[in-house]
Amino acid sequence: MKELFLKPLRKLWALIVVPAEAESVKDDTIESLLSSLSPKRVGWILGLGAIGFAFLFARLVWLQLGFDTEFLQKQGEMRFQRTFDVPAVRGRILDRNGYVLAVSVPAKAVWAIPQDVKATKEQARALAKVLNISTQELERKFSSKRNFVYIKRQVPVHVADDVAKLKIPGIHFSREYLRAYPEGEISSQITGLTGIDGNGVEGIELAKEKLLAGEIGSRRVIKDRLGRIIEDVWIKQPKNGEDINLSIDSRIQFIAYEALSRRIKEVNAKAGAVVVADPMTGEILALANYPSFNPNIRAKIDRSKIRNRAITDTYEPGSTMKPFSVAAGLEEKKVTPSTLFQIGQKLTIGKRSIGDSHYSKALTVSQIIQESSNIGTAKIALMLTPQTMWKYYNSLGFGKAPDVGFPGAASGRMRAANRWKPIEQATMSYGHGVTVSLMQLVRAYTALARDGTLVDLSIYQSNGEVEPKRVYSEKTTMQMKQMLESVVDKGAKRAQVEGYTAAGKTGTSYKVEGGQYVKKYVASFVGYAPAHKPRLVVGVMIDEPQRGKHFGAVAAAPVFSEVVARSLRVLSVNPDRPSSKDALIGNQKSH
C-alpha cells in the first residue's frame, strides 16, 4: 500500500528535480539553473507555481469579498475581544444582633494572554514572589498554548497593586471577591466556607447558596493591536446577593466555644459540641464545635474538622434518654413520681441481664431519675407497649433528621416498634440501641423545658411565631421538672449554675465501632435553666474523654454550668436563687 502511494511521487520528482550533474555548476544564478533544465522540466515547475498562486489568489478573494468571514472574525475576537463574567457581591452572613460572621471583600484575579506576555527573568521572579507561587508554575502558565490563563485568583487588592507596578505586558486584572470570616474558628462550622469560584461548599454558605450568590454579570473588553483597551462595556449588570440573618448570638457562641475547647483539653478528649437554644422560639443561639478550623486560612484546613458534629454525628445517648421513657410512663398513667419499684442486683430479660452502677433495694420513680437507675427505667418502659413507647420517641423527633436549615443533619437510628424485642425495648429506655445527634436531644428537651409542647429548632432568626406540638401534658412536664432539678441539686452537682436553678440529666455511653461496643466513651449533659421559667436549653457532648473522667457528670456537666451562667447574664436574666456568696452573707447576718 505504501509503495502504491510513493511510486507516483517518485515519478513526479524525477521530472522536476535538478539533475545531479547540475549541482556541480559553479554559476548558481536562476538563469543558469533554468538553462540546465530541459524545457519539459521547466514547464512542470512553472505550472506548479502558477497553480499555487492561483489557489492563494482564490482564497484571498473568497475572504476579502465576504464569502466566509466567520474564521477571520473568530480569530480577531480571540486576539482582541474578551467577555468576562463579573461576580456579584455575595451577601453577608449576620448573627441575630447584626454582627458580621461572613463578608466579601474586594479582590482581584490576575490573568494573562500567554502570547502577549513579555517578561524579563527579573520580572518573572518578582511576580512569582509577590503572588507566592513558584517560578516553575509561572513559566508553565506563560508557555501555555491557550489564549487565556489565570495566574492567581482571589488576590488581595494591595497584592494586585504590587503586581501592576511590575508593568509586565500581557498581565491583566479582573474584579473578584475574597470571603472573610471575622469570627474565624469560633463560628466556622456554622458559616462554612466558599470555593475558589466563590460558591458555597460547606455550612450556611452552601445551604443558602442561591440567596447569597446573587446573579453574575458580564462585560466585554476590546483591545487594539498594541494591547490597549479601547472599549469596556457592560453586557449585563450583576445582581448582588442577599444578607442572611442567623439566630446565633455571637456573644453566647464565644462563651460556648471557649468553655468547650478548654474542657476538651482538660479531659484529653477527642472532640465535642455544644448546642444552646431558646426553648420558647426554637432559635439556636450557639452551635460550637471543637476541634475547629480557620476558614480564612484555606491552605491549612483539615477536612476532618469541617463537619458540624452537633448536627452530623450520632451516638448512643445513654442516660440522657431516661427522662423521655419515664415521662411516657407518667403520661400513660402507668406510674406516678412516688410509685415504688424493687430494684435489686439485676433485671433478667430472657438470656440477658441489666444492672446498675450501684446497688439499690427499692426506688421511687423520682429516685430512679435522680439515681439514674437502668433497672428502674427499664421496668417503667416495659409497662408500655413497644408501639406506645415508639410513638413518644417518634413525636420527639428521634429517628428523623431535624429540619434546622443546615446541610447534613443526621436522622439517627431507631428501629420500627414491631421489630423490638423486650430486651431491646428495655435498653432503649436508657439510651442504648438507639442513636441520636446532639441537636435532636436538645430539641427533645424543649418539650420538657416548656409546658409539654415541642418546637422545631432553627438556625435562622425567626419572627417570633412558632407552631408547637404537644407531646406531654403540663402535669407530666411539671413532675419531670421537679425530678430533673433534683438531679442537678443532689446528683450532678458540677452542673449547678451560680445564681440560677437548673434541671437536666447526665449521660455516659460506650462507643460502637464495627458493630461492637468498645471501651471508648461519649459523655453528655442536657438541661435547661432557670428551672421554672427556662430561657435556655443547653446540650453538651464530649467525645472520648480520658478514662476516669469519662462520666457525663464529670466531663460534660461543668461545661453546661459555665455556658448557662455566663449566657443568662449576657441575656440579663435575673437570678432566681441566692448565689453561694449571698448565702454566706445571709448566714453571717443571721448569726
Side-chain angles (χ1 to χ4, degrees), residues 71-90 103-180 193-199 201 213-238 240 295-301:
F71 173 78
L72 292 178
Q73 183 74 21
K74 183 177 180 181
Q75 292 299 311
E77 289 177 355
M78 287 173 61
R79 288 164 173 77
F80 301 107
Q81 177 176 300
R82 293 285 186 278
T83 300
F84 296 100
D85 287 336
V86 180
V89 180
R90 192 172 179 84
V103 64
S104 292
V105 296
K108 294 288 183 71
V110 182
W111 56 275
I113 302 174
Q115 58 266 35
D116 291 350
V117 174
K118 295 178 177 62
T120 64
K121 290 184 179 181
E122 291 75 14
Q123 285 177 317
R125 282 196 293 268
L127 178 61
K129 184 177 180 180
V130 170
L131 294 179
N132 194 27
I133 60 177
S134 66
T135 53
Q136 291 80 6
E137 182 182 356
L138 195 60
E139 290 174 1
R140 179 177 58 80
K141 292 186 175 184
F142 284 170
S143 60
S144 173
K145 300 300 182 183
R146 299 169 59 189
N147 291 309
F148 175 98
V149 293
Y150 279 115
I151 303 301
K152 191 170 184 178
R153 301 187 64 185
Q154 294 186 350
V155 175
V157 173
H158 71 276
V159 175
D161 291 341
D162 291 340
V163 173
K165 291 175 184 177
L166 297 176
K167 297 181 179 180
I168 301 175
I171 298 294
H172 304 276
F173 307 89
S174 58
R175 185 180 73 175
E176 282 191 329
Y177 292 95
L178 180 64
R179 203 64 166 166
L193 71 163
T194 56
I196 190 65
D197 292 316
N199 56 303
V201 294
E215 297 178 9
I216 63 172
S218 60
R219 63 190 306 148
R220 183 174 63 245
V221 176
I222 299 176
K223 305 182 304 173
D224 63 13
R225 62 186 182 85
L226 299 177
R228 297 174 300 193
I229 295 176
I230 59 175
E231 185 179 347
D232 186 353
V233 296
W234 284 104
I235 298 173
K236 178 185 177 183
Q237 290 278 359
N240 293 337
N296 297 304
I297 307 176
R298 303 298 181 87
K300 297 182 179 180
I301 292 178

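Note that the coordinates shown come from a computational prediction; the quantities given were computed from them, not determined experimentally. Along the sequence shown, residues are numbered consecutively beginning with 1.
- Applying the side chain to side chain contact (heavy atoms under 4.5 Å, CB included) criterion to Glu122, with sequence neighbours excluded, gives Thr120, Arg125.
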**Candidate pair Ile196 and Tyr150, rule side-chain contact (heavy atoms from CB on, under 4.5 Å), full reasoning** = CA-CA 12 Å; Ile196 190 65; Tyr150 279 115; over 6 Å; no

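- Within the structure, salt bridge (charged side-chain N to carboxylate O under 4.0 Å, His left out) contacts touching residues 166-175 (residues at least two apart or in different chains) do not occur.
- In terms of heavy-atom proximity, Ala180 sits nearest to Val105 at CB-CG1, 4.5 Å.
- The two residues Val155 and Val110 make their nearest non-hydrogen contact at CG2-CG2, 4.1 Å.
- To the nearest 0.5 angstrom, Leu127 atom CG is 5.5 Å from Ile171 atom CD1.
- Separation of atoms OH (Tyr177) and OG1 (Thr194) is listed at 14.0 Å; rounding is to 0.5 Å.
- The salt bridge (charged side-chain N to carboxylate O under 4.0 Å, His left out) check on Arg179 picks up Glu205, with sequence neighbours excluded.
- Legend: residues meeting ring pair (Phe, Tyr, Trp, His ring centres under 6.0 Å) with Phe173, ordered by chain and number and at least two apart, are absent.
- For residues 152-165, the set of pairs meeting the side chain to side chain donor-acceptor pair (under 3.5 Å) definition, not counting sequence neighbours, comprises Arg153-Glu176, Arg153-Asp197.
- Across all non-hydrogen atoms, the minimal contact from Pro114 to Ser144 is CB-O, 3.4 Å.
- Closest approach of Ala128 and Thr135 over heavy atoms only: CB-CG2, 3.8 Å.
- For Lys236, the side chain to side chain contact (heavy atoms under 4.5 Å, CB included) partners are Glu215, Ser218, not counting sequence neighbours.
- Not counting sequence neighbours, the partners of Glu137 by the salt bridge (charged side-chain N to carboxylate O under 4.0 Å, His left out) test are Lys141.
- Between Leu131 atom CG and Leu138 atom CG the span is 7.5 Å, to the nearest 0.5 Å.
- The side-chain hydrogen bond (donor to acceptor under 3.5 Å, both in side chains) test applied to Asn296 returns Asn294, not counting sequence neighbours.
- In this view, Ser143 satisfies the side chain to side chain contact (heavy atoms under 4.5 Å, CB included) rule with no residue, not counting sequence neighbours.
- The shortest heavy-atom contact between Pro295 and Ile301 is CA-CD1, 4.3 Å.
- Considering every non-hydrogen atom in both Ala213 and Ala88, the closest pair reads O-CB, 3.6 Å.
- Under the rule for a side chain to side chain contact (heavy atoms under 4.5 Å, CB included), the partners of Pro169 that lie at least two apart in sequence or sit in another chain are Lys118.
- When side chains are defined from C-beta on, Ile151 counts as touching Ile133, because their heavy atoms get closer than 4.5 Å.
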